[in-house]
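One structure is given here, and the rest of the page talks about it.
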Amino acid sequence: GSSLPTQMTLDAVVAHLRREAEVGGYAAAGEIGGVLREGRGDLAALVAGRPDEIALATSDTAAWIKAWWGWVAGGNVPAGSTVLVDRLIYHSHYAALVSTQPLAGFETRVMRSLGDGTVDVDAVELTDEVSAICATMIGTHCGNVNPIREMGALARATGVPMFVDACQAIGQIDLYVDQLGCHGMT
């Protein structure tokens with residue numbers, strides 16, 4: 001998942017598919033191994049991170065589900081705690097939350113939103129019971145932009161981890177992780 005690809009991206013993908021048709025998938029992947037390794041560095045630069053902090057997955061959904069399940073399985077979402085979500089949450093992310101609730105015993109609560117569906121930051125209450133915030137930077141179905149930087153400041157001030165779906169935002173707006181207050185970003 002991502003925002004609309006540039007022509008350069010589209011041309012590269014189509015050229016690679018053509019090459020796979022000529023020599024096979026493994027051989028074509030072997031030919032561009034260096035490009036793939038450089039990709040981590042490029043992505044890290046895009047979000048002001050380090051290459052060793054970048055994990056690649058087949059899709060946003062796969063990445064988010066693995067990160068969330070790992071977080072829950074690691075004991076970071078205690079029974080009786082609350083996980084806050086926004087109204088822009090992608091359906092597969094919400095499904096991951098719902099599927100982990102019986103295992104960990106947490107409650108999911110939707111944060112109050114403004115008329116356009118974005119989070120009303122002034123209404124966010126980060127009490128001791130809140131164990132995580134799961135927020136969407138740009139809604140895939142509507143294009144609305146949540147105030148992630150402001151939410152991150154609240155999360156950072158209270159020590160609440162925040163998971164951000166930035167799939168539709170990468171390459172569109174600044175995603176400097178250290179400035180957003182994110183714990184994880186897909």
Side-chain angles (χ1 to χ4, degrees), residues 1-3 40 43-44 47 49-50 52-114 116-170 173 175-186:
S2 67
S3 55
R40 272 198 173 83
L43 286 169
V47 299
R50 297 186 324 261
D52 65 331
E53 296 172 316
I54 302 297
L56 301 176
T58 56
S59 69
D60 167 66
T61 295
W64 204 95
I65 289 172
K66 287 178 182 182
W68 181 252
W69 271 85
W71 188 249
V72 171
N76 297 296
V77 185
S81 69
T82 300
V83 174
L84 300 178
V85 300
D86 62 11
R87 293 194 185 282
L88 303 181
I89 191 168
Y90 195 57
H91 64 279
S92 62
H93 299 185
Y94 190 74
L97 289 169
V98 170
S99 66
T100 55
Q101 278 181 304
L103 302 171
F106 64 89
E107 173 190 339
T108 301
R109 188 170 58 228
V110 178
M111 293 177 276
R112 194 175 321 163
S113 55
L114 301 171
D116 65 356
T118 60
V119 172
D120 181 354
V121 177
D122 294 332
V124 174
E125 295 180 31
L126 296 180
T127 62
D128 290 342
E129 71 193 33
V130 176
S131 59
I133 299 170
C134 296
T136 308
M137 186 169 273
I138 298 179
T140 189
H141 55 284
C142 62
N144 292 354
V145 181
N146 260 325
I148 296 296
R149 192 175 309 270
E150 292 82 358
M151 292 170 62
L154 289 173
R156 194 171 28 252
T158 57
V160 174
M162 185 169 78
F163 287 76
V164 175
D165 170 5
C167 183
Q168 301 303 321
I170 196 156
I173 58 179
L175 296 177
Y176 304 124
V177 177
D178 59 338
Q179 295 174 13
L180 295 175
C182 307
H183 182 78
M185 188 166 53
T186 63

Checklist entry - Taking side chain as C-beta onward, heavy atoms only, is Met151 less than 4.5 Å from Val164? => result no
Checklist outcome for this item: Taken to the nearest 0.5 Å, the spacing of Arg149 CZ from Met137 CE works out to 7.5 Å
Item to check | Inter-residue atom distance Arg87.CZ - Asp120.CG, 0.5 Å rounding | outcome: 11.0 Å
Next on the checklist: Please check this pair: side chain of Asn146 against backbone of Thr136, looking for a donor-acceptor N/O pair closer than 3.5 Å.
Outcome noted: yes
Next on the checklist: Checking Arg112 now: which residues fulfil side-chain hydrogen bond (donor to acceptor under 3.5 Å, both in side chains) with it, not counting sequence neighbours?
Outcome noted: none
Next on the checklist: Checking Met162 against Ile148 for the side-chain contact (heavy atoms from CB on, under 4.5 Å) test, could you report, in this order, the C-alpha distance in whole Å, the side-chain angles of both residues, the deciding distance, and whether it holds?
Outcome noted: CA-CA 10 Å; Met162 185 169 78; Ile148 296 296; 3.9 Å; yes
Side-chain donor-acceptor pairs under 3.5 Å in residues 94-104, sequence neighbours left out?
from	atom 1	to	atom 2	distance (Å)
Ser99	OG	Ala95	O	3.2
Ser99	OG	Ala96	O	3.0
Thr100	OG1	Trp68	NE1	2.9
Thr100	OG1	Ala96	O	3.0
Thr100	OG1	Leu97	O	3.0
Gln101	NE2	Phe106	O	3.4
Gln101	NE2	Thr108	OG1	3.0

Next on the checklist: Whether Arg109 and Glu125 form a salt bridge (side-chain N of Lys/Arg under 4.0 Å from carboxylate O of Asp/Glu) is what I want to check.
Outcome noted: no
Item to check | Residues Leu84, Leu126; criterion side-chain contact (heavy atoms from CB on, under 4.5 Å); working and verdict | outcome: CA-CA 9 Å; Leu84 300 178; Leu126 296 180; 3.6 Å; yes
Checklist entry - Hey, is CG on Asp52 packed in by over 12 heavy atoms from elsewhere, all under 6.0 Å? => result yes
Checklist entry - Donor-acceptor pair, Asn144 side chain versus Thr118 backbone, under 3.5 Å? => result no
Item to check | All side-chain hydrogen bond (donor to acceptor under 3.5 Å, both in side chains) counterparts of Asn76, not counting sequence neighbours | outcome: none
Checklist outcome for this item: Closest heavy-atom pair, Pro78 versus Ser131, reported as atoms and distance to 0.1 Å, is CD-CB, 3.8 Å
Checklist entry - Ser81 side chain to Val77 main-chain N or O, any donor-acceptor pair under 3.5 Å? => result no
Checklist entry - Which atom names give the shortest non-hydrogen contact between Val124 and Met111, and what distance separates them? => result CG2-SD, 4.0 Å
Next on the checklist: Could you report the tightest heavy-atom contact between Asp165 and His93, atom names first, then the distance?
Outcome noted: OD2-CE1, 3.2 Å
